[in-house]
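Each remark here refers to the structure printed beneath this line.
Computed from a prediction, not measured in an experiment: that's the story for all the values here. Residue numbering restarts at 1 for every chain, and letters A, B, ... go by the order of the sequence lines.
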Amino acid sequence: MARYSAWQILKQGLTGNKSWDPAWRDASPKSSYDVIIIGGGGHGLATAYYLAKNHGIFNVAVIEKGWIGGGNAGRNTTIVRSNYFMEGNTEFYEHSLKLWENLSQELNYNVMFSQRGHLNLFFTPGQRDAMIRKYNIMRLNGIDGELLDRDQLISKVPHLNYSQEARLPILGALYQGRAGTARHDAVNWGFARAASNLGVDIIQNCEVTGFISTGGRLVGVETSCGEIRAEKVGMAVAGSTSLLAHKAGLGRLPIESHKLQAFVSEPIKPFLDSVVVYGVGHGHFYISQSDKGGMVFGGNLDGYNSYAQKGNLPLYSDVASCAMNMMPALGRVKLLRQWAGIMDMSMDGSPFITKTDLDGLYLNAGWCYGGFKATPASGWCFAHTIAHDAPHDVNKLLTLDRYKTGHMLDESGHGPYPKSH
Amino acid sequence: MLRLECPVCGLRDHDEFTYLEDGSITYPKLANENQDDWFNAVYLRENPRGRHIEKWHHTFGCRTVLLVERDTLTHVIGKIKPAHPKIAAALKQPATAKKRS
Amino acid sequence: MTGSRFASGGLIDRKKPITFQYDGMPVQGFAGDTIASALMASGHQIVGRSFKYHRPRGINSAGPEESGALFTVGDNANRTPNVKGTIAEIHDGLIVRSQNAFPNVRYDLGAVNSLIAPFLTAGFYYKTFVGPFSGTRFWMIFEYFIRKAAGLGVASRDADPATYDIAHHHCDILVVGAGPSGLWTAVQLAEAGQSVMLVEQDFACGGQLLSRNNARDAAFIAEMQSRLTRAGGQIMIRTTAFGLYDGLVTGLVERVTDHLSAPHESLPREIFHIVRPQQIVLASGALERGLAFGNNDRPGVMLAHAIARYAGRFGVSAGQSCIMATSHDGTYDDALQLAEAGMKICVLDARPCYTDAQEAAKRVGLDIMFETVPVQVAGGRGVAGLEVGMCDSDGLVHSDNRMIGADVIGMSGGYSPVVNLLSHRGVKPVWDADIQAFRSGPTTEAIHVVGSADGFYDNEACLASADVAVSHILRPRRRDAETEIFRGWQTPAMPLFEINIQGRSLKSFIDPQHDVTTADIRQAHSEGFVSVEHMKRYTTLGMATDQGRMGNILGLATMAEARNMPIAESGITTFRPPFTPVSIGVLAGRSSGSDWWPTRRTPMHDAHLATGAVMMDVGYWKRAWYYPQNGETMDEAYIREAAIVRQTVGMVDVSTLGKIAIQGPDATEFLNQIYINAFAKLPVGKARYGIMLRDDGHVMDDGTTWRLSDDEYFMTTTTAQAGPVMLFLEELLQTRMTNLEVHVSSVSDYWAGIAVAGPLARQVLTGALPALDWSNNAFPFMGVQSAELKLGGAVIPFRAARISFSGERAWEIYVPADFGNAVWVHLAEHVALAGGSPYGMESLGTLRIEKGHVTGAELDGRVTLEDAGFAKMASKTKPYIGSVLRKRSGLMDESRPRLVGIFPKEKNKSFGTGAILCEPGAVSGFGKGWVTAVTHSPALGHWIGLGFVSGGYEAWKGKTVMIADPVRGATIEGEIVSPHMFDPDGGRQNG
């Protein structure tokens, strides 16, 4: 398949754009593979890519029940950052950010990762202190992060609500300059294309309906396209993890499915350069502007278990009031579209990339609402875990049994209440 | 907006309530010292797509904890009753069963 | 196209001329005009520029489907970008600007993009700009320019000065859309006794009927409105139902003041109405769709019916000579209406002549070209003519390069029912081949679709469909044998989406705002983006501000054709809320600015302010932070306050603590189960410090609980955990501890609390509250007593406990909240006489840090009893919440960070909260611990801190710790000490 380049665009443009190849091969399932990845989201596609690229395992299928990138991979608010402070998370997300920095080159696909910077606002001294602890940990791990006082923040984003009439006046922000946003669809398509180029079969509209095991070992899956055998099966189906885990006989998992709404405004001329985020009390808000000009924003979970990819009104007001609190110029900007995704909320807010109790079955789950930024490292680590039947150092703490031994990765300190993370 | 029929207060918007958790969890007796039993109750979830029994607290109302049957896919609400058996029984008495709205 | 006003006609009020500004030019219109109709009447034809190629855009519709006529309205902080000119009404003084163009829409330098259009096709940016070197720098350089070119209007950066409101409603029936079907349904239901709300996004009722402007229709609209009002129905115009949610809850936005030149200041700009109807009638109508042919994006190419609507409703002629290209009978009414109004009309009908409507039009002399389709528009900045082609029976088009003259072209490929609101409920639209459109699929909810929203295009059929809905609503059990009502037109529409000529490459737009052409769809197909969702995302079709109303079906049809499958199988993308864009401001309502959050003030709030306190936010609460005197800084003030407490006496407002009354025969047992320590032996008249865990064994909260009688306790919680603890206790009692007879009530707001602390506290209280004996014998540490205070004629009950957070001899006094301020002032006089002063949160922090007492900074949800030094308090003889899971191996690990005190090595140095504690030579990674609190201790004379460090004090005795704070720049040496840094034996509090 021809590499993408300016030259290709020129050539195709001059000949009517009529001979572009498919971005990826739309494959039909073979009877068996070395590895099957269930779930054609960003994580699943990235896993397949890194299996082929890093581990030389080319006989791989990605099975997707709908169209690739149709789940959370194509529904998120596209923020990429690595500001985590718990051992297990910090190094994982930083590994991801490093992969992001050269992902477009790696995939020969412009994923539009734009390091526009990420501002985390604080309103009280207590909030500032807790955030400084986090950013100190980042700095000690070689990750960028800095403290901006109010004046520095004003010069960076002059149109936040600095009024002393504000219910909680903004005191400053912690800033990660290497963080930013990327184009979610491009990430999915880029990984699909690169994986397909390495021989991975991408099979859409194929739903896994069951698992086949013999002698306590998984040997394949039953699908709507028939039985497919495999040496190893990896699951990366955030939002549906519990459903498939039940089918695989893994039983109950430390996961609840919750819905998160996202919002985008009409396109406006450049209005906000950085990603701006805050969480204070029950208020939680994040916003950035897409390259098309839409303000992309969101807030809390709706707060109850759900598999419905649709939102409810109280959250509209909740999120809009957080927007108005932070940036009152947004009042006349109009909301264009709202949608929702189903999050795998884990019991401590951190994910799992791990083997399971069933030989041959591997689990990638529990991303809560932070899965997008993890995409490259998640695939990278999951591929390693599957290929070696053992985790890489970077994901060795992201296990399923950490709650049993009391090794939670609870960044928010909320405890075993998934809706609170 | 989910609309929950509180047996005490009547039909109300869900933002009057606090969602607590899966109502099908059976917590071990306090005297049970088995870590696995507690681990199962505190950390593992059935997480069904479909019928789900769950606990809601009528925080901005009567502060009753309710067991609500709800479909997690369609959000259709089924039976609702107070979690405390004595409160449920008391509300079934004819004198108090009459709904106020 | 050069539009003009007809000499007469239309629903505008020609006696009320209105002047507004458009790009600095005065434009005149009349009351009843929209921005679009007034501009068209004044001959403005290029009113916008497209997103990508900056091609000129004209007005292309007369409703919310508009994608060309978008303006920036208003000035300065009142500036609103992307306003649809086809909806917005004009008023005197209105300021309208065109957007996304430089210097203006008529001459836009951005149009240079058109020259490189062949290289900017679908997905081009995914394939380039990656750059020759690693990292993101190269892309970000290009991105800078892409971002500048993207976006439409410019939003103001000033705070929106408008107010917004949220209103709540209940009704039996919500009718969405006040066209003939909606009006008729609403009237019948209201007259049958239902409470009915009828909402209409337009500023007039009538829907389709407004386009005709004939007397009979006008009379019908007037009659329906008056009957509905008489029957108690509510009509809301300028109100859009933007989304439909669970429980049929519907979100509406009413535009209240944007159409007024001098609105009353008390009016909100918009109102967000939240309606909870029993049933919903969707009479949201249908939207016309265009056809894809060459240069169909030129200003002057419009939806066919829109031309008729501008003529009928606004008295505006879109041009002199008009071509109407169609594939169905529906366009004939429009064509005849325009011909009658005096426009030169030529109908291109893709079909041969065989229908009644065609024959009838022919009979009255309408100029019709059968089996003829538009091929390519001539003209750059407007319509100069149209090349037409012949369409044979196989649907193949042949062009003999025939041009016909016209300055305006109407196009119609049929009508698409507006099913967006049902789509919000997850109801998938289904393709109806008879009407060549998607209709709503079946729903189990109480939503009834009537009129053209369900594919009934004929007026009679619309009303008949309304009758069916009315009957279903009023007589739900009775299902009469229904006579089938005829959908669509008498003769089915011909499927016609794109005009394609073999060997010709036409620029046929399906999303004129985003510059998506049929060629882009075919490219997406060849690149494998064939799922409709992939197609949408790859080409951006349907993601413009019209949300795909103009072109979605054309795109789907093009893809279906490329895939060689029927549209019904290729599917349709999901419609997302909102139906039309909604201001972020109105969704927030009044929850912004100083009203973003509730503000909780303690009963003593005014007294703090009167004493010059600087207040701070603690959750919803406002608390006194410090009380500066004579221009003191915060540091000076808190150090003074803390020193005074240690030297004489201080008082602090503790009203924000959570207070819970725990009553009942099993109250003691309940406390035993929720606290780690035993309460069974706590005598009446005594308080005990207790710690609560979560089920997972981490510390949830701490506080004191006072035994008031055998079966009554008074529990205090931390300020932050007051709500969660109360909720948790209620949950336990109603679910897991239902055998206990205990009642809990929050009494947080009932009691105001004051702590009096310091060596002179006893003297102060003896003077101020003489009803009690405050001596050590009568009132020992952890004692609880109640009495009354006679103050200014009032008899004020109070309760007091001898407990100490500061480490000084101290009491907490609680009085009913109404007397809080009076008692505070009364005590303050006695405190002042003793040389003391009030103290705030900052010095409260100093005092507790000196003592090693923990707060939320330490108890951050990840801390165990061992970590915080509480393990010895935990009962070994009884189970309690969290007693099992706290013993998990990882939580009992000896190397976990434990609470410690921290001193700087060099006593003149300070350090910061959030610093990381590391071993010398290993200032990296995750360190060995962290600093949770820092203060300058007046008692010790230097900076001190609390924190957690691996292994605790024992492991660090005599060792140096590095206090690393790279974010703030400094790393200093420190030493680990016991957290009890001041008066470790507690002699001061017990004495």
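Heavy-atom minimum distance, Thr80(C) versus Lys334(A): CG2-NZ, 4.0 Å. Of all heavy-atom pairs between Arg332(A) and Ala162(C), the closest is NH2-CB, 3.7 Å. When every heavy atom of Gly151(C) is checked against every heavy atom of Pro267(A), the shortest pair comes out as CA-CB, 3.8 Å. Here the closest non-hydrogen pair linking Leu168(A) and Asp617(C) is CD2-CG, 3.3 Å. Closest non-hydrogen pair, Pro578(C) versus Leu336(A), comes out as CD-O, 3.3 Å. Ile132(A) and Arg968(C) get closest at one heavy-atom pair: CD1-NH1, 3.2 Å.
Atom CG in Asp246(C) sits 4.0 Å away from atom CG in Asn312(A) (nearest 0.5 Å). How far OG of Ser592(C) is from CE of Met326(A): 13.5 Å, rounded to the nearest 0.5 Å. In this structure, CD1 in Ile584(C) is found 3.5 Å from CZ in Phe297(A), a value given to the nearest 0.5 Å. Interatomic distance, NZ of Lys310(A) versus CG of Leu244(C), reported as 9.5 Å (0.5 Å rounding). Taken from CD in Glu527(C) to CG in Asn17(A), the straight-line distance is 8.0 Å, to the nearest 0.5 Å. For the atom pair CD1 of Ile274(C) and OG of Ser317(A), the computed distance is 5.0 Å after rounding to the nearest 0.5 Å.
Proximity of Arg139(A) to Val967(C): side-chain heavy atoms (C-beta onward) are separated by under 4.5 Å at one or more points. Using a 4.5 Å heavy-atom cutoff, the side chains of Tyr126(C) and Ser104(A) are not in contact. When side chains are defined from C-beta on, Arg888(C) counts as touching Met408(A), because their heavy atoms get closer than 4.5 Å. By the 4.5 Å heavy-atom criterion applied to side chains, Phe119(C) and Gln12(A) are not counted as neighbours. You'll find the side chain of Asn136(A) reaches within 4.5 Å of the side chain of Pro966(C), heavy atoms only. The shortest distance between side-chain heavy atoms of Leu140(A) and Val923(C) falls below 4.5 Å. Annotation: side chain of Val280(A) is in contact with side chain of Trp597(C) (closest heavy-atom distance under 4.5 Å). Contact annotation: the side chain of Phe926(C) approaches that of Asn141(A) to within less than 4.5 Å [non-hydrogen atoms, C-beta and beyond].
Electrostatic pairing of Asp410(A) and Arg862(C) does not count as a salt bridge here, judged by no charged N lying under 4.0 Å from a carboxylate O.
Heavy-atom pairs under 4.5 Å with chain A were tallied for Pro724(C), Ser889(C), Ala933(C), Ser526(C); the largest tally goes to Ser526(C). For the set Gly528(C), Gly593(C), Gly123(C), the entry with the most heavy-atom pairs within less than 4.5 Å of chain A is Gly593(C).
Contact of Val83(C) with chain A is made through backbone and side chain together, with heavy-atom distances under 4.5 Å. Looking at Ser531(C), the atoms closer than 4.5 Å to chain A (heavy atoms on both sides) all sit in the side chain, from C-beta outward. Neither the backbone nor the side chain of Ala857(C) comes within contact range of chain A; no heavy atoms are under 4.5 Å apart. With a 4.5 angstrom heavy-atom cutoff, Ala122(C) does not touch chain A via any of its atoms. Using a 4.5 Å cut-off between heavy atoms, Asp158(C) touches chain A through its backbone atoms (N, CA, C, O) alone. For Ala149(C), the part lying near chain A is the backbone, with the side chain staying farther off; criterion is any non-hydrogen pair under 4.5 Å. Neither the backbone nor the side chain of Pro132(C) has a heavy atom closer than 4.5 Å to any heavy atom of chain A. For His525(C), no part sits under 4.5 Å from any heavy atom of chain A, backbone or side chain. Ile166(C) touches chain A through its side chain: at least one heavy atom from C-beta onward sits under 4.5 Å away, while N, CA, C and O do not. In this structure, chain A has no heavy atom under 4.5 Å from any part of Thr932(C). Neither the backbone nor the side chain of Met892(C) has a heavy atom closer than 4.5 Å to any heavy atom of chain A. Heavy atoms of Trp596(C) lying under 4.5 Å from chain A belong to its backbone as well as its side chain. For chain A, no part of Asp520(C) is nearby; none of its heavy atoms comes within less than 4.5 Å. For Ser423(C), no part lies under 4.5 angstrom from a heavy atom of chain A.
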Original post:
When you look at Lys269(A) and Asn100(C), which way does the side chain to side chain donor-acceptor pair (under 3.5 Å) test go after all the steps?
Top reply: CA-CA 8 Å; Lys269(A) 289 293 176 191; Asn100(C) 196 33; 2.8 Å; yes
**OP:** Would you please test Arg522(C) and Lys18(A) for side chain to side chain contact (heavy atoms under 4.5 Å, CB included) and show each step?
**Re:** CA-CA 8 Å; Arg522(C) 276 186 281 276; Lys18(A) 290 198 171 129; over 6 Å; no
**OP:** Mind running side chain to side chain donor-acceptor pair (under 3.5 Å) on Glu143(C) and Ser114(A) for me, showing each step along the way?
**Re:** CA-CA 8 Å; Glu143(C) 190 194 29; Ser114(A) 174; 2.5 Å; yes
Original post:
How far apart are the C-alpha atoms of Asn82(C) and Ile268(A), what are their side-chain angles, what is the distance that settles it, and do they pass the side chain to side chain contact (heavy atoms under 4.5 Å, CB included) test?
Top reply: CA-CA 8 Å; Asn82(C) 306 339; Ile268(A) 50 178; 4.1 Å; yes
**OP:** Go through Trp24(A) and Phe529(C) one step at a time and tell me if the ring pair (Phe, Tyr, Trp, His ring centres under 6.0 Å) criterion holds.
**Re:** CA-CA 9 Å; Trp24(A) 64 87; Phe529(C) 296 92; 5.3 Å; yes
**OP:** Test Lys127(C) against Gln8(A) for side chain to side chain contact (heavy atoms under 4.5 Å, CB included), laying out the working first.
**Re:** CA-CA 8 Å; Lys127(C) 297 168 184 164; Gln8(A) 270 290 320; over 6 Å; no
Original post:
Are Glu165(A) and Ser594(C) close enough, and set up right, to give a side chain to side chain donor-acceptor pair (under 3.5 Å), and what steps lead you there?
Top reply: CA-CA 6 Å; Glu165(A) 301 296 302; Ser594(C) 57; 5.5 Å; no
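The six-membered or imidazole ring of Tyr316(A) lies near that of Tyr245(C), with a centre-to-centre distance under 6.0 Å.
Under the 30°/60° scheme for interplanar angles, the aromatic rings of His534(C) and Trp189(A) are found to stand perpendicular.
The side-chain tip of Arg133(A) points at the ring of Trp930(C) from less than 6.0 angstrom away and within 45° of straight on. Remark: Arg157(C) is positioned above the aromatic ring of Phe271(A), its terminal NZ or CZ atom under 6.0 angstrom from the ring centre and at most 45 degrees off the axis.
Applying the 6.0 Å contact sphere to OH of Tyr144(C) captures no more than 12 heavy atoms from other residues, nucleotides or ligands.
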